[in-house]
2 protein chains.
Amino acid sequence: MAAETRLRNIQAFARESGVTMRALRHYDRMGLLRPRRNRPGGYRLYGREELLRLEQIVVLKSLGLKLSEIRELLKNPGALPLMLSRQRRLLSARREQLDRALRAIAAAEAALRPGRLPAWRLIANIVREIAMQNETNWTEKYYSPQARAAIERRRLEWTPEMQAEVSRQWAELFADIEAALGENPAGARAQALAARWRKLVSAFTGGNREIQKGLNAMHADQANWPAAAQAYRIRPELQAFILKALRCKP
Amino acid sequence: MAAETRLRNIQAFARESGVTMRALRHYDRMGLLRPRRNRPGGYRLYGREELLRLEQIVVLKSLGLKLSEIRELLKNPGALPLMLSRQRRLLSARREQLDRALRAIAAAEAALRPGRLPAWRLIANIVREIAMQNETNWTEKYYSPQARAAIERRRLEWTPEMQAEVSRQWAELFADIEAALGENPAGARAQALAARWRKLVSAFTGGNREIQKGLNAMHADQANWPAAAQAYRIRPELQAFILKALRCKP
DNA sequence: CTTGACCTTGACGTTGCGTCAGGGTGGAGG
DNA sequence: CCTCCACCCTGACGCAACGTCAAGGTCAAG
């Protein structure tokens, strides 16, 4: 019954701890942090002990743990190592996802900046193109295991900036092809486009024949791509044009 | 009224698009993707057009946009650049937060691995120590602007691995001090601990006098730290011991 | 006509609180 | 003693993006 030195009401405690009153009441109800309820009228009273526990809660919450998990962990601290490694894996995965999104945004912004691509559709394609690099599952159909290993190696070598730059170049190339659609595929401009195309392809394949073969097989089979990949497709008229241009000068 | 080539029921469409039926119904109800409802019986029918729109939705969702934002964006594509930059900033912030959490976990795991720190309290302290590096607000009281700028510069130079490593060393040092509490502060072991302490401090300050002065002021004033920072505190007996040891051989 | 696969809407659960709404408590001033 | 005002309490709904039943229509085949 020794009255603790400093027992505070919920408002004062909230101010000092930086946690809102609502959150404190929430933690109370769910059994995560139970203040004392000595006073008549049912007032919550928080002391030093509660402050310490709350700080542990805040730390664990900042690691992305759910409140229920924190509750169990505080009940049984022995589970800490497991929790940590589980959480590390989870956060790593989340971070990868975030990085992909950031790369995609960077690429899309790069493509928008020159003002040459107001076309909504193309933006979606750029974004996809990057996302594609991770969704290797459905490419199994077209790439040999060696080719996929090579792709994976190359992907690891690329920085996000390089990926964004390449995506930007593809976007520009598509825009330019679109603008040149009516021209003669053997003409100078079309041939310049074909050259850019070859350069970008070899940037992706790294000169690897295996990869190039898979890429060709894939493009020849566009119509049969799974629905999820439809948006990666090159529009038929663009494809026809660039194929003609590429065949002019092998 | 020209019947579209391939109109699918919701189940088939869900399979092909990789989006669950529940999600499709959700998108329908909230006006994000409205399928046709020609058939009697009120069946939802999805065609090629819906597939394209759904793909755009999926892409934007993968960028972390909320469904309501996507709806507005598809209504008004001109807002795309703004949305992208807003989203980039948001995701960057979220990534920083994630990195901090990951660093904290790495440090905590490193401290746990040697099996020398079963003490729950110390773990919390490590975690805090790292989090501290960002919460510079309350350090304004102790550090001069120049010192804070220097701290910020040094923080940017550090890789997450370096931060984790330093945190691990602090944790080990605290554990060793704890174990040596009863010994003579002038003895060989205590002096070795003092040396490690000095090395770690100078690793943090980078030899900068300004920072060191602020750090000293801070530690001298431990009792007055704001509540949110209480967990960073060095336990009094540890502090007393290490101070004695440090003073032995200046 | 029945069966079974497929479809519909409705409603509650999840997570961590924000935000009222309606109503008690407690100490100070009149 | 009464009143006032600051402070406290307990619900209860809302949000985001669906998961997960539940109860009940629809459709093609046998």
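The model shown is predicted, which means the values in this text are computed figures rather than measured ones. In what follows, chains carry the letters A, B, and so on, assigned in the order in which the sequence lines appear, proteins first and then strands, with residues in each chain numbered from 1.
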Looking at B:Tyr27, does any N or O in its side chain come under 4.0 Å of the phosphate oxygens OP1/OP2 on D:dC18? yes
Salt-bridge test for A:Arg6 and A:Glu16: reply yes if a basic N is under 4.0 Å from a carboxylate O, no otherwise. yes
Judged by nearest nucleotide, the residue sitting upstream toward the 5' end of DNA chain C, A:Thr20 or A:Gly41, is A:Thr20
Consider the side chain of B:Leu67, meaning its heavy atoms from C-beta on, and name the nucleotide among C:dC17, D:dA17, D:dT10 that approaches it most closely. D:dA17
Write down the distance between CE (A:Met21) and C1' (D:dC7), rounded to a whole number of angstrom. 9 Å
Protein-nucleotide distance (A:Leu24, atom CG; D:dC9, atom C1'), rounded to Å: 14 Å
What integer distance in Å separates A:His26:NE2 from C:dT15:C1'? 7 Å
Round to the nearest Å and state the distance from B:Ile10 atom CD1 to D:dC27 atom P. 16 Å
Between D:dC7, C:dC7, D:dA16, spot the one nearest the side chain of B:Lys66, thanks. D:dA16
Which whole-number value in Å describes the distance from A:Tyr46 OH to D:dC8 P? 10 Å
Short side-chain N/O contact to C:dT8 OP1/OP2 from B:Arg44, under 4.0 Å: yes
Going by atom types alone, do A:Gln97 and A:Arg100 pair a side-chain donor with an acceptor below 3.5 Å? yes
Of the candidate nucleotides D:dC7, C:dT9, D:dT10, which contains the atom at the shortest distance from the side chain of A:Asn9? D:dC7
State which of C:dC7, D:dC9, C:dG10 makes the closest approach to the side chain of A:Arg25. D:dC9
I want to verify a distance call: between D:dC8, D:dC18, D:dG25, whose nearest atom is closest to the B:Tyr43 side chain? D:dG25
Below 4.0 angstrom, N of the basic side chain to O of the carboxylate: do A:Glu69 and A:Lys61 qualify? no
Starting at CZ of B:Phe13 and ending at C1' of C:dC7, how long is that distance when rounded to a whole Å? 16 Å
Whole-Å distance, A:Gln11 CD to D:dA6 C1', equals 8 Å
Side chains of B:Leu32 and B:His26: does their closest heavy-atom pair fall under 4.5 Å? no
From the set C:dA11, C:dC17, D:dC7, return the single nucleotide nearest to any side-chain atom of B:Arg22. C:dA11
Atom-to-atom span, CZ of B:Arg29 to C1' of C:dT9 - whole angstrom: 7 Å
For A:Gly47, does its backbone N or O pair with a side-chain atom of A:Glu50 as donor and acceptor, under 3.5 Å? yes
